[in-house]
Amino acid sequence: MTFAITAKTIFTGEACLLDMAVIVKNDIVADIIPTSSLPSDMPCKSYPDGFLAPGFIDTQVNGGGDVLFNDDITVNGITAIANAHRQFGTTGLLPTLITDSADHMKAAICAVNDAIQQGIPGVLGIHLEGPFLNSQRKGVHNPEKMRVISSEDIDMITSLPQGKTLMTLAPEIVGNDIIRQLQQHNIIVAAGHTAANHDQIQSALKAGLQGFTHLFNAMTPLHSREPGVVGTALSDPDSWCGVIADGHHVHYSNLKLAVSAKPQGKIILVTDAMPIVGSSKNYFTLEDKTIHCRNGRCETSDGVLAGSNLTMAQAVNNTVNQLNISLDEALRMASTYPATFLGLNDQLGYIKPGYKASFVLMDFHLTVCNTWINGQESIPPNH
Ligand SMILES: [Zn+2]
């Protein structure tokens, strides 16, 4: 099937185009042509008050639509999470399993593999956040489930046959030989929930560490004589840093600092979202704890942050309005750069001929009006 989409502007990931139409053939962008050259018999969706951009890619999604991935490790669970986030412009995501047993990790990898095989829209792989973390920086993870990595664990982590696997670990707990081994198996390794010092992170970067999970949160801070994980991450030009731009996890001044410290393209927006995204409830359960969300902040009764109710659309909005970053660059931080981090920038993160037809359509108040994943349209239910 071939159809066209026109909008007031089309942001390709590189430039804003006016009076142009995107031609979609099946699941791929076939061409971008002047609206005036559109064949009169081609089906066309026109959005004169909106802009079309590459769909958002969220590399850290614990839940959505009342589902926590750790509690519903099934294709249905993944589908509910992906659908909840799609309303807010996410067209690609990594369901994220936080620290859990080996059996649950195996089940999660199987469920993600099945979801990809069944063509569940938007599933790009899996993010395993833990359990090989440092309990000194546990956040809301259960320290009793944290453990030392074994050779069976490595076989399991490297077992997803399709899609991407992102592994968040504490380098000082796991060690560089294992980071090297994981990287050689095409696992994307990120540091998180870590108490490492500068030298430990530097040597992990040399061994193949590629990113930092929720920069600033659950890691050693920057001190004058010991840069910690934060200072080392910010001074390293090659690695990527995920940030939770919800105004609760990180002060916006620190996010501005991170954006100016890193080369362009290395800060990516993530949600770290919990089941309340796309739900009418303002609470959820994490293991035996009830997590309440008040004024956008999800926390335990002890005040420990427990993920977020952030959406990618809101993260883009905050990046524009709180960090004073241009809309083009905020959109790249939500799509082009995470696609590059995942090694998918030859098919996602841009609107270009030959790329997947995965888009978000927003109005100029940054409200999501429509999405396409691999050419398949979905008008969000709240519209
Ligand atoms: Zn975390």
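Start at 1 and go down the list; that is how both ligands and their atoms are numbered. When reading the values below, keep in mind they use all heavy atoms of this one structure, side chains included, and skip hydrogens, waters and symmetry mates. Note that this is a predicted model, so its numbers are computed, not measured.
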(message) Looking only at side-chain N and O atoms, does H249 offer a donor or acceptor that is under 3.5 Å from a partner on D246?
(response)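 Yes.
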
(message) Regarding T271 and S308, do their side chains bring together a donor and an acceptor under 3.5 Å, going by distance alone?
(response)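 T271 vs S308: no donor-acceptor pair found between side chains.
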
Acceptor/donor pairs from residues 278-286 side chains to any protein atom, 3.5 angstrom cut, sequence neighbours excluded:
from: S279; atom 1: OG; to: D66; atom 2: OD1; distance (Å): 2.7
from: S279; atom 1: OG; to: K281; atom 2: N; distance (Å): 2.9

(message) Using the salt bridge (charged side-chain N to carboxylate O under 4.0 Å, His left out) criterion, which residues pair with E172? Sequence neighbours excluded.
(response)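 Residues passing salt bridge (charged side-chain N to carboxylate O under 4.0 Å, His left out) with E172: none at all.
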
(message) My understanding is that only residues two or more places apart in sequence, or in another chain, count here; which of them pass salt bridge (charged side-chain N to carboxylate O under 4.0 Å, His left out) with E226?
(response)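 Partners of E226 under the salt bridge (charged side-chain N to carboxylate O under 4.0 Å, His left out) test: none.
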
(request) Could you name all protein N, O or S atoms found under 2.8 Å from the Zn ion (ligand 1)? (result)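 E129 OE2, H193 NE2, H214 NE2, with waters left out.
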
(request) For the pair W240 and F341, name the ring-plane relationship: parallel under 30°, tilted 30 to 60°, perpendicular over 60°. (result)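 Tilted, since the angle between the ring planes falls between 30° and 60°.
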
